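Notes for the one structure printed next.
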Amino acid sequence: QVQLAESGGGLVQAGDSLRLSCVVSGRTFSNYAMGWFRQALGAEREFVAGISWYGSSTYYADSVKGRFTISRDNAKSTVYLQMRSLKPEDTAVYYCAAEFDRSWNKNYSRRYVYDYWGQGTHVTVSS
């Protein structure tokens, strides 16, 4: 059983930075590609960023490209999302997700690809 636990959310002002962390337990972390998604109130859950098994490939939603950075530390079984220049529209619950299968390479932005999800961490950006 794979378990994911996000942390690092909070209330910040526009222009601030925040780093989210997601610790994965239960299985070998490097066996999983990872993704970050977010869901604003009343909206669909959307892809934010993805990273391959050893970090060689990263992908971003256009809305966060240049401001957010995804990274992973396989020795610590942790994936990070460094968020800079935060905007009020970044306000959402942020979820990390894990996927074992290589089909992730073609579908990293699709929610259905991911088998395991965390409980989410709230990020609120005030103007």
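In this text the structure is predicted, and so the values were computed from the model without any measurement. Because only heavy atoms are used, hydrogens play no part in the values below, and waters and symmetry mates are left out as well, while side chains stay in. Just so you know, residue 1 is the first one in the sequence shown, and it goes up from there.
- Between Phe100 and Asn31, the shortest heavy-atom contact is CD1-O, 3.4 Å.
- Interatomic distance, Leu4 CG to Thr78 OG1, rounded to the nearest 0.5 Å: 10.5 Å.
- Geometrically, Arg102 engages Trp53 in a cation-pi contact defined by less than 6.0 Å to the ring centre and at most 45° from the axis.
- A donor-acceptor pair is defined here as one N or O able to donate and one able to accept, closer than 3.5 Å; no such pair exists between the side chain of Arg72 and the backbone of Gly55.
- Side-chain atoms of Arg67 come within 3.5 Å of backbone N or O of Ser63 as a donor-acceptor pair.
- Under the 4.5 Å side-chain criterion, counting only non-hydrogen atoms from C-beta, Glu99 is not in contact with Asn107.
- Among Tyr59, Trp36, Tyr60, the single residue meeting the ring-ring contact (aromatic ring centres under 6.0 Å, His included) criterion with Tyr108 is Tyr59.
- When the shell of 6.0 Å around CD of Glu46 is examined, it contains more than 12 heavy atoms from other residues, nucleotides or ligands.
- We find the CE-CG distance between Met83 and Asp16 to be 10.5 Å, quoted to the nearest 0.5 Å.
- Linking ILVMFWY residues whenever their side-chain heavy atoms come closer than 4.5 Å, directly or via other members, places Trp104 and Phe47 in the same cluster.
- Note: the hydrophobic cluster containing Val23 does not contain Leu20 (ILVMFWY, side chain heavy atoms under 4.5 Å, direct or indirect links).
- Under a 3.5 Å cut-off, the side chain of Glu6 and the backbone N or O of Cys96 do form a donor-acceptor pair.
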Exercise for the section: Decide yes or no on side-chain contact (heavy atoms from CB on, under 4.5 Å) for Val24 and Met34, but give the supporting numbers first. Expected result: CA-CA 10 Å; Val24 178; Met34 300 298 297; 3.8 Å; yes
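- Nearest heavy-atom pair across Pro88 and Ser127 is CG-CB, 3.8 Å.
- Val113 and Ile51 are not part of a single hydrophobic cluster, where members link through side-chain heavy atoms under 4.5 Å apart.
- When the side chains of ILVMFWY residues are joined at heavy-atom separations under 4.5 Å, either directly or via intervening members, Tyr114 and Val93 end up in a single hydrophobic cluster.
- For the atom pair CH2 of Trp117 and SG of Cys22, the computed distance is 11.0 Å after rounding to the nearest 0.5 Å.
- A cation-pi arrangement, defined by a distance under 6.0 Å to the six-membered ring centre and an angle within 45 degrees of its axis, is absent between Arg27 and Tyr32.
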Handout entry: Residue pair Lys76, Ser21: steps toward the side-chain contact (heavy atoms from CB on, under 4.5 Å) verdict
Key = CA-CA 11 Å; Lys76 295 182 178 180; Ser21 300; over 6 Å; no
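- One distance of note links OH of Tyr54 with OG of Ser57; it measures 13.5 Å at 0.5 Å rounding.
- When hydrophobic clusters are built by joining Ile, Leu, Val, Met, Phe, Trp and Tyr residues whose side-chain heavy atoms come closer than 4.5 Å, directly or via intermediates, Val79 is not grouped with Tyr95.
- Looking at Thr69 and Arg84, their side chains come closer than 4.5 Å, going by heavy atoms from C-beta outward.
- The shortest side-chain heavy-atom distance between Arg38 and Leu81 does not fall under the 4.5 Å cut-off.
- Cation-pi geometry between Arg111 and Phe37 is not satisfied (NZ or CZ under 6.0 Å from the ring centre, within 45° of the ring normal).
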Practice task
Using the salt bridge (Lys or Arg N to Asp or Glu O under 4.0 Å) rule, take Lys87 and Asp90 through it: C-alpha gap first, then chi angles, then the decisive distance, then the call.
Solution key: CA-CA 5 Å; Lys87 305 175 181 180; Asp90 295 317; over 6 Å; no
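- Taking each heavy atom of Val48 and Phe68 in turn, the nearest pair found is CG1-CD2, 3.7 Å.
- Ser30 approaches Asn74 most closely through the heavy-atom pair CB-ND2, 3.4 Å.
- Across every non-hydrogen atom of Ser85 and Ser17, the tightest pair is N-OG, 4.4 Å.
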